[in-house]
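Written below as structure tokens is the structure these notes are about.
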Amino acid sequence: MTNEKKLLSSILKHLNGMNKIEAYDLTHKLETLLFYASNPIDVENLEQIISADFNPNDEIDPFHFTILPNGNFCDFAGSNDWLHIYKENKRLLPNWPLFDTYYFKTKYAPLELIKLTKKNLLENLKDTEEEPEVVDFMRMYRLTQKDLVSDKLLLLTL
């Protein structure tokens, strides 16, 4: 038990001076990264995972949970095989679609939570097999447009 306390203390020294929200976000990224890591943990393996593409058959983010730097939580809104979408849960604003803000993770950047905009999505999908399909989709629909019957984002049908 004392070894665990010493290890935990040495790890927490790296978080010194960081905002709590940033620390939560970092620990979530670590948790997601460790999900993909081999056992026992090898630093070289972790570096390869961070810099390489993930296996397309793996889950993008198995935890479906994240906290934004502003302190708001994100609720899992849906996914397909290459994209996870999260909706910001705003504490102070009413729950109207006008105020909805969406974020995404892709299998190409599963550790990064990125605001869902045309520019960000296209940058993230540059030179991938999904890029042409997404470009065609954006010509016809808004990124946050929903199916009237199922209330599911149309982007997730790609």
Side-chain angles (χ1 to χ4, degrees), residues 18-19 21-158:
M18 191 180 286
N19 290 329
I21 298 301
E22 292 172 345
Y24 281 125
D25 185 49
L26 183 61
T27 56
H28 174 70
K29 288 180 181 176
L30 282 171
E31 190 175 17
T32 305
L33 179 62
L34 289 174
F35 175 79
Y36 294 105
S38 61
N39 196 15
I41 295 171
D42 178 35
V43 174
E44 291 177 8
N45 175 256
L46 292 177
E47 291 291 334
Q48 288 176 344
I49 292 171
I50 290 170
S51 63
D53 289 337
F54 284 78
N55 183 348
N57 297 325
D58 284 344
E59 182 76 23
I60 295 169
D61 180 357
F63 307 106
H64 298 190
F65 170 79
T66 193
I67 300 174
L68 296 171
N70 65 10
N72 289 342
F73 291 94
C74 279
D75 298 327
F76 183 70
S79 67
N80 60 22
D81 60 342
W82 59 272
L83 177 72
H84 279 200
I85 296 183
Y86 299 85
K87 179 181 169 188
E88 183 176 2
N89 187 354
K90 297 183 179 173
R91 297 176 288 206
L92 302 175
L93 294 174
N95 193 15
W96 297 337
L98 174 67
F99 298 118
D100 287 349
T101 305
Y102 291 94
Y103 294 84
F104 72 95
K105 292 181 181 182
T106 65
K107 66 181 179 182
Y108 306 106
L111 301 178
E112 291 295 321
L113 188 69
I114 305 166
K115 189 171 185 176
L116 184 61
T117 63
K118 288 182 179 183
K119 178 184 173 194
N120 290 344
L121 187 60
L122 288 176
E123 283 178 4
N124 195 270
L125 296 176
K126 188 167 181 67
D127 299 328
T128 64
E129 62 187 46
E130 288 86 7
E131 183 183 22
E133 193 174 4
V134 171
V135 169
D136 289 341
F137 174 85
M138 287 192 295
R139 286 186 188 130
M140 296 174 13
Y141 305 104
R142 294 183 332 267
L143 283 178
T144 58
Q145 190 166 343
K146 293 183 176 184
D147 182 353
L148 296 175
V149 175
S150 67
D151 200 39
K152 183 178 178 181
L153 290 170
L154 291 175
L155 181 60
L156 295 175
T157 61
L158 296 180

Approximate separation, where rounding is to 0.5 Å, of L34 CG and L46 CG: 6.5 Å
Contacts under 3.5 angstrom, residues 147-158 side chains, donor-acceptor by atom type, not counting sequence neighbours:
unit_1	atom_1	unit_2	atom_2	d
D147	OD1	V149	N	3.1
D147	OD2	S150	OG	3.3
S150	OG	K152	N	3.4
T157	OG1	L154	O	2.5

Within-4.5 Å side-chain heavy-atom neighbours: E112 and N124: no
N80 side chain to L83 backbone, donor-acceptor under 3.5 Å: yes
From N72 atom CG to K87 atom NZ, the distance as rounded to the nearest 0.5 Å: 12.5 Å
Side chains of E123 and I114 in contact at under 4.5 Å (non-hydrogen atoms): no
side-chain contact (heavy atoms from CB on, under 4.5 Å) assessment of L143 paired with Y102: CA-CA 9 Å; L143 283 178; Y102 291 94; over 6 Å; no
Atom pair CD (Q145) and CE (M138), whose distance is rounded to the nearest 0.5 Å: 13.5 Å
Rounded distance [0.5 Å steps], OH in Y86 versus CG in L113: 7.0 Å
D100 side, atom CG; N89 side, atom CG - distance, nearest 0.5 Å: 10.0 Å
Residues T128, W82; criterion side-chain contact (heavy atoms from CB on, under 4.5 Å); working and verdict: CA-CA 11 Å; T128 64; W82 59 272; over 6 Å; no
Inter-residue atom distance K126.NZ - Y108.OH, 0.5 Å rounding: 14.0 Å
Inter- and intrachain pairs under salt bridge (charged side-chain N to carboxylate O under 4.0 Å, His left out), touching residues 128-141, at least two apart: K107-E130, D136-R139
Results of side chain to side chain donor-acceptor pair (under 3.5 Å) for Y24 - residues two or more places apart only: none
Main-chain N/O of K115 paired to N120 side chain as donor or acceptor, under 3.5 Å: yes
Closest non-hydrogen atom pair between S79 and H84, with its separation: CB-CD2, 3.2 Å
Non-hydrogen atoms of Y103 and E88 that approach each other most closely: OH-OE1, 3.5 Å
